[in-house]
Engineer: 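Below is a structure I'd like to ask you about.
Note that these values count all heavy atoms, side chains included, but never hydrogens, waters or copies made by symmetry.
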Amino acid sequence: MVKQIAFPDKFWWGAASSGPQSEGDFNKAHQNVMDYWYQESPTEFFNQVGPKLASDFFEKYRDDLRLMKQIGFNSFRTSIQWSRLIKDLETGEPDLNAIDYYNGLIDAAKKNGIELVLNLHHFDLPVELLQKYGGWESKKVVELFVKYAQTALELFGDKVNYWTTFNEPMVIPEAGYLYGFHYPKYVGKGKEAMQVIYNINLASARVIQLYKQMKLKGQIGIILNLTPAYPRSNSLEDLAASEIVDALFNRSFLDPAVKGSFPKNLVELLEKDGVLWQGTKEELAIIQANTVDFLGVNYYHPKRVKAPGKEAKYSAWMPDKYFEEWQMPNCRMNVYRGWEIYPKAVYDIAMNVKKNYGNIPWFISENGMGVEGEERFIDEDGRIQDDYRINFYKEHLAWLAKAIDEGSNCFGYHTWTAFDCWSWNNAYKNRYGLIAVDLENQKRTIKKSGYWYKKVSDHNGFTYDLDYEIK
Ligand code: BG6
């Protein structure tokens with residue numbers, strides 16, 4: 001099937017990264033939870049590679065932004081590190097070195113004509129706030145986050161047009177409190193996870209409120225990982241399970257961010273089970289009044305959901321009593337990551353946002369394919385021939401273009417990621433970049449997908465020539 005795929009004028013082409021995953025952890029005032037986790041348990045990280053140097057973006061950002069320009073970027077997201085910017089976590093007083101660094105980064109992006117999106121939190125809570133206050137379970141931490149955000153916005157708010165409060169906030173309760181794959185690695189703390197969801201929503205709304213009070217000229221949004229929950233069958237039990245998964249894993253952040261309220265079915269369920277978060281009327285009014293200007297959607301894979309089996313796996317309350325995930329037989333998989341590849345979900349997300357969320361302006365803020373052992377694909381010129389990645393992007397973009405043709409208000413597409421970066425305990429196992437990073441010497445080499453991306457950005461579209469049908 002050969003077809004021209006076109007995108008609207010001024011469409012964003014670029015990628016996302018984050019401070020902790022790209023910069024290296026030197027010169028920082030504090031450790032974040034990931035730095036600390038590595039310090040305590042390096043063997044839990046792939047090949048024991050930690051955040052010490054990462055991709056050395058702290059030193060190389062000027063060159064890296066030039067390279068991004070070279071592969072066609074007009075926009076780029078990264079994050080400010082709370083643990084870098086703030087010297088005194090209680091007062092929000094900034095660190096002078098960090099101010100220089102962020103000013104340099106903002107200038108370098110401008111110089112290259114790249115619209116910078118600055119995010120305020122990418123899983124990287126300063127570990128002292130976990131140890132002292134209990135992290136995101138505590139409203140004290142919400143207060144301190146607002147202080148940090150105020151410092152960031154006072155320093156850089158008028159120089160950067162696009163801000164986001166959190167990246168994938170659902171990962172914090174999911175990975176840290178429910179299933180234990182990120183620090184603090186709790187398993188089975190369902191009730192605490194619900195409080196974390198509430199507190200982070202409150203923190204996000206408080207920062208949006210502050211941004212509006214400061215009358216800054218840009219826009220503020222949030223980045224959510226939306227994983228459509230497809231039921232195994234149309235049985236009432238499977239449908240009920242998928243509705244609960246959608247309410248908990250997608251709508252618990254999407255609804256407050258865009259509509260200012262929590263999903264009714266989720267609140268009722270948590271109330272019935274006696275695990276509803278502690279909140280006040282005043283806080284709910286803040287959430288109600290301070291919704292986002294735009295939405296970023298990270299999409300990697302769908303969730304396949306069915307009614308739960310009979311066996312209780314956890315002693316304390318866990319949402320899993322209402323659902324089970326399952327893998328569809330014969331589905332397409334990214335075997336390196338263990339994630340299903342299902343590009344049509346991009347279209348489903350777009351239509352959901354159009355129909356149920358007022359067609360708010362949004363963009364794909366992360367989408368990508370991590371592959372292990374990419375050295376296998378290096379050609380005689382030293383370039384990685386990552387056609388699998390190009391095909392992955394083509395399919396997702398084709399579904400996105402179809403959604404835009406049907407009225408979706410999508411204004412951009414960011415890949416994960418620009419150059420290979422460190423990914424928490426997966427470290428450098430799976431490479432996602434359009435630009436390869438050699439960990440021996442930090443040398444950057446544009447992959448085949450990087451050259452392809454440049455053409456897509458130049459033409460604001462591409463020729464779709466794959467067998468998979470988009471209809
Ligand atoms: C996204 C995160 O969910 O997935 C990134 O925002 C992360 O921080 C990316 O690096 C890929 O994750 P992984 O574990 O496959 O390397």
Engineer: Is any side-chain N of the basic residue among Glu282 and Lys139 closer than 4.0 Å to the acidic one's carboxylate O?
Structural biologist: no
Engineer: Within this structure, what is the CD-CZ distance for the pair Glu340 and Arg332, rounded to the nearest 0.5 Å?
Structural biologist: 9.0 Å
Engineer: Strictly distance-based, threshold 3.5 Å: is any side-chain N or O of Thr151 a donor or acceptor partner for the main-chain N or O of Gly92?
Structural biologist: yes
Engineer: Tell me if a side-chain donor or acceptor on Asn47 pairs with a main-chain N or O of Val49 at a distance below 3.5 Å.
Structural biologist: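 Flag not set: sc Asn47 to bb Val49 has no pair under 3.5 Å.
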Engineer: Compare every heavy atom of Ala427 with every heavy atom of Phe46, then report the nearest pair and how far apart it is.
Structural biologist: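 The pair with the smallest heavy-atom distance is O-CB, 3.6 Å.
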Engineer: Between the side chain of Asn74 and the main-chain N/O of Glu115, is any donor-acceptor distance below 3.5 Å?
Structural biologist: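 No; zero donor-acceptor contacts below 3.5 Å.
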Engineer: So Ile360 and Asn409, side-chain contact (heavy atoms from CB on, under 4.5 Å) or not? Walk me through it.
Structural biologist: CA-CA 7 Å; Ile360 186 170; Asn409 201 0; over 6 Å; no
Engineer: Is there a side-chain contact between Pro8 and Cys410 (heavy atoms, below 4.5 Å)?
Structural biologist: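 Counting from C-beta outward, Pro8 and Cys410 never come under 4.5 Å.
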Engineer: Quick check: does any side chain N or O of Lys313 sit under 3.5 Å from a backbone N or O of Gly188, one acting as donor and the other as acceptor?
Structural biologist: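 Checking the backbone N and O of Gly188 against the side chain of Lys313, no donor-acceptor pair under 3.5 Å is found.
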Engineer: Is there a side-chain contact (heavy atoms from CB on, under 4.5 Å) between Tyr393 and Val456? Walk through the geometry before answering.
Structural biologist: CA-CA 11 Å; Tyr393 287 146; Val456 176; over 6 Å; no
Engineer: Is a side-chain donor-acceptor pair under 3.5 Å present for Glu168 with Asn298?
Structural biologist: yes
Engineer: Distance under 6.0 Å and angle within 45° of the ring axis: does Arg337 meet both against Tyr300?
Structural biologist: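 Relative to the ring axis of Tyr300, which defines the angle, Arg337 lies outside at least one limit.
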Engineer: Could you tell me whether the side chain of Asn201 and the main chain of Ile197 form a donor-acceptor pair under 3.5 Å?
Structural biologist: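 Checked: pair present.
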Engineer: Tell me yes or no: between the side chains of Ser79 and Asn119, is some donor less than 3.5 Å from an acceptor?
Structural biologist: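 On atom types as modelled, these side chains do not qualify, holding no pair under 3.5 Å.
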Engineer: Please name the pair of heavy atoms, one in Asn199 and one in Val142, separated by the smallest distance, quoted to 0.1 Å.
Structural biologist: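 Looks like O-CG2, 3.6 Å.
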Engineer: What is the minimum heavy-atom distance between Trp136 and His121, and which atoms define it?
Structural biologist: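 Shortest heavy-atom contact: NE1-NE2, 3.4 Å.
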Engineer: Is a side-chain N or O of Lys447 found less than 3.5 angstrom from the main chain of Gly433, in a donor-acceptor match?
Structural biologist: yes
Engineer: Any side-chain heavy atom of Arg84 within less than 4.5 Å of one from Asn27?
Structural biologist: yes
Engineer: Measuring from Asp124:CG to Asp25:CG, what's the distance to the nearest 0.5 Å?
Structural biologist: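 Interatomic distance, Asp124 CG to Asp25 CG, rounded to 0.5 Å: 12.0 Å.
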Engineer: To the nearest 0.5 Å, what is the distance between CD (Glu154) and CG (Leu210)?
Structural biologist: 7.5 Å
Engineer: Heavy-atom count around Lys212 NZ within 6.0 Å, excluding the residue itself: above 12?
Structural biologist: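 Buried by this count: over 12 neighbours within 6.0 Å.
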Engineer: Indicate yes or no: at least one non-hydrogen side-chain atom of Asn367 is less than 4.5 angstrom from one of Phe392.
Structural biologist: yes
Engineer: Would you confirm whether the ring centroid of Phe181 sits within less than 6.0 angstrom of the ring centroid of Trp424?
Structural biologist: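 No: the rings miss the under 6.0 Å criterion.
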Engineer: Yes or no on ring-ring contact (aromatic ring centres under 6.0 Å, His included) for Phe262 and Trp277, after CA distance, side-chain angles and deciding distance?
Structural biologist: CA-CA 11 Å; Phe262 289 94; Trp277 43 69; 4.6 Å; yes
Engineer: Side chains of Asp387 and Lys448, heavy atoms from C-beta outward: is any pair under 4.5 Å?
Structural biologist: yes
Engineer: Is the closest side-chain donor-acceptor distance between Asn425 and Glu44 under 3.5 Å?
Structural biologist: no
Engineer: Does the side-chain contact (heavy atoms from CB on, under 4.5 Å) test come out yes or no for Leu129 and Trp82, once each step is laid out?
Structural biologist: CA-CA 11 Å; Leu129 302 184; Trp82 190 348; 3.4 Å; yes
Engineer: With heavy-atom distances below 4.5 Å as the criterion, would you say the side chains of Arg206 and Asn290 are in contact?
Structural biologist: no
Engineer: Decide if atom NZ of Lys217 counts as having more than 12 heavy atoms of other residues, nucleotides or ligands within a radius under 6.0 Å.
Structural biologist: yes
Engineer: Measuring only between side-chain heavy atoms, which start at C-beta, is Leu67 closer than 4.5 Å to Phe419?
Structural biologist: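 The answer is no, as the side chains (C-beta and beyond) never meet within the 4.5 Å cut-off.
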Engineer: State which residue, out of Tyr413, Trp362, Tyr162, Phe294, fulfils the ring-ring contact (aromatic ring centres under 6.0 Å, His included) condition with Trp12.
Structural biologist: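 Running ring-ring contact (aromatic ring centres under 6.0 Å, His included) over Tyr413, Trp362, Tyr162, Phe294 with Trp12 returns exactly one hit, Tyr162.
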Engineer: About how many Å separate CD1 of Ile378 and CD1 of Ile384, when rounded to the nearest 0.5 Å?
Structural biologist: 5.0 Å
Engineer: Just by distance, no angles: are the side chains of Gln81 and Lys28 close enough, under 3.5 Å, to form a donor-acceptor pair?
Structural biologist: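 Present: a donor and an acceptor within the cut-off.
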Engineer: What distance separates Tyr183 OH from Tyr36 OH, expressed to the nearest 0.5 Å?
Structural biologist: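 Nearest 0.5 Å value for the OH-OH distance: 4.5 Å.
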Engineer: Does the Lys NZ or Arg CZ of Lys52 fall within the cation-pi geometry relative to Phe26 - under 6.0 Å from the ring centre and within 45° of the axis?
Structural biologist: no
Engineer: Checking Tyr357 against Asp255: is there a side-chain donor and acceptor pair closer than 3.5 Å?
Structural biologist: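 Distance-only check passes for Asp255 and Tyr357.
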Engineer: With no hydrogens and no angle check, do the side chains of Tyr428 and Ser55 hold a donor and an acceptor under 3.5 Å apart?
Structural biologist: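 The criterion, which ignores hydrogens and geometry beyond distance, is satisfied for Ser55 and Tyr428.
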Engineer: Is it the case that the side chain of Thr165 and the backbone of Ala205 share a donor-acceptor pair, with hydrogens and angles ignored and the cut-off at 3.5 Å?
Structural biologist: no
Engineer: Whether the side chain of Asn334 engages the backbone of Trp339 through a donor-acceptor N/O pair (distance < 3.5 Å, no angle test) should be reported.
Structural biologist: no
Engineer: For Phe7, is there any backbone N or O sitting under 3.5 Å from a side-chain donor or acceptor partner on Asn460?
Structural biologist: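 Flag set: sc Asn460 to bb Phe7 pair under 3.5 Å.
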Engineer: Once you round to the nearest 0.5 Å, how far does CZ of Phe58 lie from CG of Asp56?
Structural biologist: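 That separation rounds to 9.5 Å.
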Engineer: Mind telling me whether Tyr453 and Phe73 have parallel, tilted or perpendicular rings, with 30° and 60° as the class edges?
Structural biologist: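 Perpendicular: the ring planes of Phe73 and Tyr453 meet at over 60°.
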Engineer: Are the side chains of Leu105 and Leu65 in contact, using a 4.5 Å heavy-atom criterion?
Structural biologist: yes
Engineer: Nearest heavy-atom pair of Ala193 and Pro173: which atoms, and what distance?
Structural biologist: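 Looking at all heavy atoms of both residues, the closest pair is O-CB, 3.7 Å.
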Engineer: Can you tell whether the side chains of Glu40 and Lys185 come within less than 4.0 Å, N to carboxylate O?
Structural biologist: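 Result for this pair is no, no salt bridge flagged.
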Engineer: Salt bridge (charged side-chain N to carboxylate O under 4.0 Å, His left out) for Lys110 and Asp107? Distances and angles first, verdict last.
Structural biologist: CA-CA 5 Å; Lys110 268 212 180 100; Asp107 290 348; 5.6 Å; no
Engineer: May I have the step-by-step check of salt bridge (charged side-chain N to carboxylate O under 4.0 Å, His left out) for Lys454 and Asp458, ending in yes or no?
Structural biologist: CA-CA 6 Å; Lys454 160 82 174 140; Asp458 284 353; 3.2 Å; yes
Engineer: For the side chain of His122 and the backbone of Gly19, is there at least one donor-acceptor N/O pair under 3.5 Å apart?
Structural biologist: no
Engineer: Is there a ring-ring contact (aromatic ring centres under 6.0 Å, His included) between Trp452 and Phe462 once you walk through the steps?
Structural biologist: CA-CA 9 Å; Trp452 174 81; Phe462 63 95; 5.7 Å; yes
Engineer: Within 45 degrees of the ring normal and closer than 6.0 Å to the centroid, is that where the cationic atom of Arg77 sits relative to Phe363?
Structural biologist: no
Engineer: If you measure from the Lys or Arg side-chain nitrogens to the Asp or Glu carboxylate oxygens, is any gap between Lys189 and Glu137 under 4.0 Å?
Structural biologist: no
Engineer: Is it true that Tyr388 and Phe377 have ring centroids separated by less than 6.0 Å?
Structural biologist: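 When the ring centroids of Tyr388 and Phe377 are compared, they turn out to be within the sub-6.0 Å range.
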Engineer: Should Phe45 and Trp422 count as side-chain neighbours, where that means a heavy-atom distance under 4.5 Å?
Structural biologist: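 Touching, per the 4.5 Å side-chain cut-off.
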Engineer: Could you tell me if the ring centre of Tyr299 sits under 6.0 Å from that of Trp399?
Structural biologist: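 That pair fails the under 6.0 Å test.
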Engineer: Go through it in stages, so that I can follow the logic: the residues are Arg444 and Asp63, the test is side-chain contact (heavy atoms from CB on, under 4.5 Å), and I'd like the CA-CA distance, side-chain angles, deciding distance and then a yes or no.
Structural biologist: CA-CA 10 Å; Arg444 274 67 167 147; Asp63 294 341; over 6 Å; no
